[in-house]
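Here is the naming used below: chain letters follow the sequence lines, and residue numbers restart at 1 for every chain. None of the values given here were measured: they were computed from a predicted structure.
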2 protein chains.
Amino acid sequence: MGRWEPNARGRLAQAALALYVEQGFDETTVAQIAGKAGLSERTFFRHFQDKREVLFYGTEHAQELLKKAVAGAPPSATPMSAVGTALEAVGAMLEEDPERVRLRDAVVSSKAELRERELIKLAAFAAAVAEALRERGVREPAASLAAEQGVAIFKVAFTLWVRGRGQSLVEILRQSMRDAKAVIADRSR
Amino acid sequence: MGRWEPNARGRLAQAALALYVEQGFDETTVAQIAGKAGLSERTFFRHFQDKREVLFYGTEHAQELLKKAVAGAPPSATPMSAVGTALEAVGAMLEEDPERVRLRDAVVSSKAELRERELIKLAAFAAAVAEALRERGVREPAASLAAEQGVAIFKVAFTLWVRGRGQSLVEILRQSMRDAKAVIADRSR
DNA sequence: ACACTGATGGCAGCAACTGACATCAGATCG
DNA sequence: CGATCTGATGTCAGTTGCTGCCATCAGTGT
């Protein structure tokens with residue numbers, strides 16, 4: 001498969017993040033991003049459906065990780081514990097490059113349209129997890145509930161991690177899961 | 001407070017829903033909506049930030065309902081039970097005009113951009129509930145967790161209701177909360 | 001050399017959205 | 001009752017995200 005300059009998508013994503021951080025999302029034009037990546041505006045839209053989507057390059061990978069982790073959990077595992085280990089796997093992945101994650105999060109958090117896109121990615125995660133659970137024999141609505149609960153816990157833990165200092169995301173995740181259990185079991189005031 | 005024709009916002013929302021249902025979201029132009037409501041395109045954007053936002057007219061009301069229900073729960077109520085009754089209140093409200101809710105849901109579900117907007121509204125609900133819980137003295141992260149869990153349960157229950165037949169939303173909500181408890185307590189396979 | 005395929009660029013065009021300015025209905029005041 | 005003031009609306013121009021269409025160019029296989 002012949003190419004011109006390799007990894008056009010990656011170059012676009014990198015250029016976009018840099019420009020969004022530098023001058024803001026609204027103030028950045030797609031033409032600028034494309035130019036910085038050495039491509040035309042038209043080509044940008046061949047690689048990303050949106051001006052926003054470019055910030056979520058790599059998301060599919062995390063989703064695959066989730067599905068495989070759920071599928072690979074021991075048969076004895078309960079739905080919630082399978083989801084828990086899957087979330088920890090994603091958490092560990094994010095901790096490999098925390099600076100980049102925080103930078104991206106700062107951009108995303110600054111604009112409502114970007115938060116929207118993030119939420120739909122999380123919803124897709126939940127759907128993928130629910131499907132993986134169903135393939136393990138978990139029935140509805142337990143599958144969807146476990147998946148949604150897991151993602152909800154992840155959201156809270158991730159926020160704590162980003163806004164906090166140094167503490168390990170995986171640790172925060174484990175603690176949040178314990179807290180969630182207590183809350184939903186009405187063992188909390 | 002003088003007006004020309006009263007309730008411009010409501011007229012725009014109604015016209016928009018009708019056109020979105022009739023000819024689809026993408027095929028409908030803002031100028032058409034404005035025209036149908038007897039207003040100009042520019043004025044549409046004075047009432048709604050977006051072409052999408054018009055579908056979520058009335059959301060603030062539901063959010064107020066949520067906050068008041070949480071605030072009004074008896075002091076002895078646990079966070080999760082306070083959230084539960086608040087969700088039931090919203091569920092009951094939706095059941096007052098099920099046809100309209102289903103119609104709106106059909107439009108929203110048909111387009112990713114609209115689902116995005118819906119998700120951010122739900123996130124706003126969660127944030128409002130968490131705040132109301134904090135004002136009851138619930139600490140973090142229990143407040144956020146209870147709120148997020150509640151919204152996650154609501155999402156699942158609402159989907160079951162819309163896709164199902166006749167069954168009461170409030171009933172489905174109650175059952176889903178029981179299911180969620182079992183799932184997260186690992187009492188489910 | 002030749003055609004073939006897939007990635008790219010260029011261009012035209014629509015529609016969403018914004019800013020600036022004029023205008024008009026109705027309330028308030030003298 | 002008329003002048004004025006305020007807020008909602010209309011008009012117009014302009015930017016930009018995004019799409020369709022067609023030409024072109026890099027690299028592959030024949």
Nearest whole Å is fine: how far is [N] [atom2] from [X] [atom1]?
{"X": "B/Phe45", "N": "D/dT15", "atom1": "CZ", "atom2": "C1'", "value": "14 Å"}
{"X": "B/Asp50", "N": "C/dC17", "atom1": "CG", "atom2": "C1'", "value": "9 Å"}
{"X": "A/Glu113", "N": "D/dG17", "atom1": "CD", "atom2": "C1'", "value": "11 Å"}
{"X": "A/Leu39", "N": "D/dC25", "atom1": "CG", "atom2": "P", "value": "17 Å"}
{"X": "A/Arg42", "N": "C/dG10", "atom1": "CZ", "atom2": "P", "value": "13 Å"}
{"X": "B/Phe44", "N": "C/dC17", "atom1": "CZ", "atom2": "P", "value": "8 Å"}
{"X": "B/Glu41", "N": "D/dC12", "atom1": "CD", "atom2": "P", "value": "13 Å"}
{"X": "B/Lys51", "N": "C/dT18", "atom1": "NZ", "atom2": "P", "value": "15 Å"}

Salt bridge [X]-[Y], side-chain N to carboxylate O under 4.0 Å:
{"X": "A/Glu171", "Y": "A/Arg174", "value": "yes"}
{"X": "B/Glu116", "Y": "A/Lys121", "value": "no"}
{"X": "B/Arg115", "Y": "B/Glu118", "value": "no"}
{"X": "B/Asp105", "Y": "B/Arg163", "value": "yes"}

TODO: Could you tell me whether the side chain of A/Arg46 has a donor or acceptor atom within less than 3.5 Å of a complementary atom in the base of C/dG9?
DONE: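 Per atom types, the contact qualifies.
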Open item on the list: Are the side chains of B/Ile33 and B/Tyr20 in contact, using a 4.5 Å heavy-atom criterion?
Closed with: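 Side chain of B/Tyr20 against side chain of B/Ile33, heavy atoms only: contact under 4.5 Å found.
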TODO: Respond yes when some side-chain nitrogen or oxygen of B/Ser40 is under 4.0 Å from OP1 or OP2 of D/dT9, and no when none is.
DONE: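 So the side chain of B/Ser40 is outside the cut-off, no N or O lying under 4.0 Å from OP1 or OP2 of D/dT9.
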Task: Phosphate contact (C/dT8 OP1 or OP2) by A/His47 side-chain N/O below 4.0 Å - done: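 So the side chain of A/His47 is within the cut-off, an N or O lying under 4.0 Å from OP1 or OP2 of C/dT8.
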TODO: Can you sort out the partners of B/Glu140 under salt bridge (charged side-chain N to carboxylate O under 4.0 Å, His left out), two or more places apart, ordered by chain and number?
DONE: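 For B/Glu140 the salt bridge (charged side-chain N to carboxylate O under 4.0 Å, His left out) partners, ignoring immediate neighbours, are B/Arg134.
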TODO: Report the relative orientation of the aromatic rings in B/Phe44 and B/Phe48; use parallel for angles under 30°, tilted for 30 to 60°, perpendicular for over 60°.
DONE: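 Correct class here is tilted.
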TODO: Output the residues of residues 14-32 of chain B in contact with DNA chain C, where contact means a heavy atom of the residue under 4.0 Å from an atom of the strand; sort by number or write none.
DONE: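 Of all residues in residues 14-32 of chain B, the ones placing a heavy atom under 4.0 Å from DNA chain C are B/Thr28, B/Thr29, B/Val30.
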